[in-house]
Amino acid sequence: QVQLVESGGGLVQPGGSLRLSCKASGSIVRVNFMRWYRQVPGSQRELIATISDGGSVVYLNPEKGRFAVSRDNAKKTMYLQINNVPPGDTAVYFCFGSIQDSSLQLREYWGQGTQVTVAS
């Protein structure tokens, strides 16, 4: 059973920083591309960035230079660094992964989400 588990969310003050993690576990042969999304209550889930298995990152909105996505393939973990957070960054952050499991099938998985609340 493959799982994606996010961590690192919580309360952060405006202007602060935090790093979210997304760890893949289970019978994994290969983790292909991964993505970070966020969702504000009442709104659709919004794509933040996609990172390839080679580490290339494409941001949906590059002008939002506050986000930095990276991954550690040895740890099967993806990261989202958020800097200088404004109140508008309050949301649930989700990770997504395209993962080849032990059956050699390529499937898509979602994490359960981690809440980030920006408040002073």
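One-based numbering along the sequence shown. In this text, all values refer to a predicted model and were calculated from it rather than measured experimentally.
- Using a 4.5 Å heavy-atom cutoff, the side chains of L60 and I48 are not in contact.
- Using a distance-only test at 3.5 Å, with no hydrogens or angles considered, no donor-acceptor pair links the side chain of R66 to the main chain of Q81.
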In a table with atom names and distances, give each donor-acceptor pair under 3.5 Å that connects a side chain of residues 113-120 to protein atoms at least two apart or in another chain.
{"residue": "T114", "atom": "OG1", "partner": "G9", "partner atom": "N", "Å": "3.3"}
{"residue": "Q115", "atom": "NE2", "partner": "A91", "partner atom": "O", "Å": "3.4"}
{"residue": "Q115", "atom": "NE2", "partner": "T117", "partner atom": "OG1", "Å": "3.4"}

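- Counted within 6.0 Å of CD on Q100, heavy atoms from surrounding residues, nucleotides or ligands total more than 12; the atom is thus considered enclosed.
- Two residues are said to be in side-chain contact when any heavy atoms from C-beta on lie closer than 4.5 Å; Q112 and V5 meet this criterion.
- No option in V31, I28, L4 other than L4 meets the side-chain contact (heavy atoms from CB on, under 4.5 Å) test with Y109.
- Proximity of a side-chain donor or acceptor of Y59 to a complementary backbone N or O of V69 within less than 3.5 Å is detected.
- A heavy-atom distance below 4.5 Å is not found between the side chains of F33 and I99.
- The shortest distance between side-chain heavy atoms of L47 and R35 falls below 4.5 Å.
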Please report, to 0.1 Å, the donor-acceptor pairs under 3.5 Å made by any side chain of residues 39-46, with sequence neighbours excluded.
{"residue": "Q39", "atom": "OE1", "partner": "R45", "partner atom": "NE", "Å": "3.3"}
{"residue": "Q39", "atom": "OE1", "partner": "R45", "partner atom": "NH2", "Å": "3.4"}
{"residue": "Q39", "atom": "NE2", "partner": "S43", "partner atom": "O", "Å": "3.1"}
{"residue": "E46", "atom": "OE1", "partner": "R38", "partner atom": "NE", "Å": "3.0"}

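- In the hydrophobic cluster analysis, where Ile, Leu, Val, Met, Phe, Trp and Tyr join through side-chain heavy atoms closer than 4.5 angstrom, V12 is grouped apart from V92.
- Residues forming a side-chain hydrogen bond (donor to acceptor under 3.5 Å, both in side chains) with T77 (at least two apart in sequence, or on another chain): none.
- Between D89 and I82, some side-chain heavy-atom pair lies under the 4.5 Å cut-off.
- Residues passing the side-chain hydrogen bond (donor to acceptor under 3.5 Å, both in side chains) test with D72: none are found, sequence neighbours excluded.
- For the residue pair I51 and M78, the shortest heavy atom distance occurs at CG2-SD, 3.6 Å.
- Between F96 and W36, every side-chain heavy-atom pair lies at or beyond the 4.5 Å cut-off.
- Residue pairs meeting the side-chain hydrogen bond (donor to acceptor under 3.5 Å, both in side chains) criterion with at least one partner in residues 14-24, sequence neighbours excluded, are S17-N83.
- Rounding to the nearest 0.5 Å gives a distance of 10.5 Å between CH2 of W110 and SG of C22.
- Between R71 and Y79 the shortest side-chain heavy-atom distance does not fall below 4.5 Å.
- In this structure, the salt bridge (Lys or Arg N to Asp or Glu O under 4.0 Å) partners of R30, at least two apart in sequence or on a different chain, are D53.
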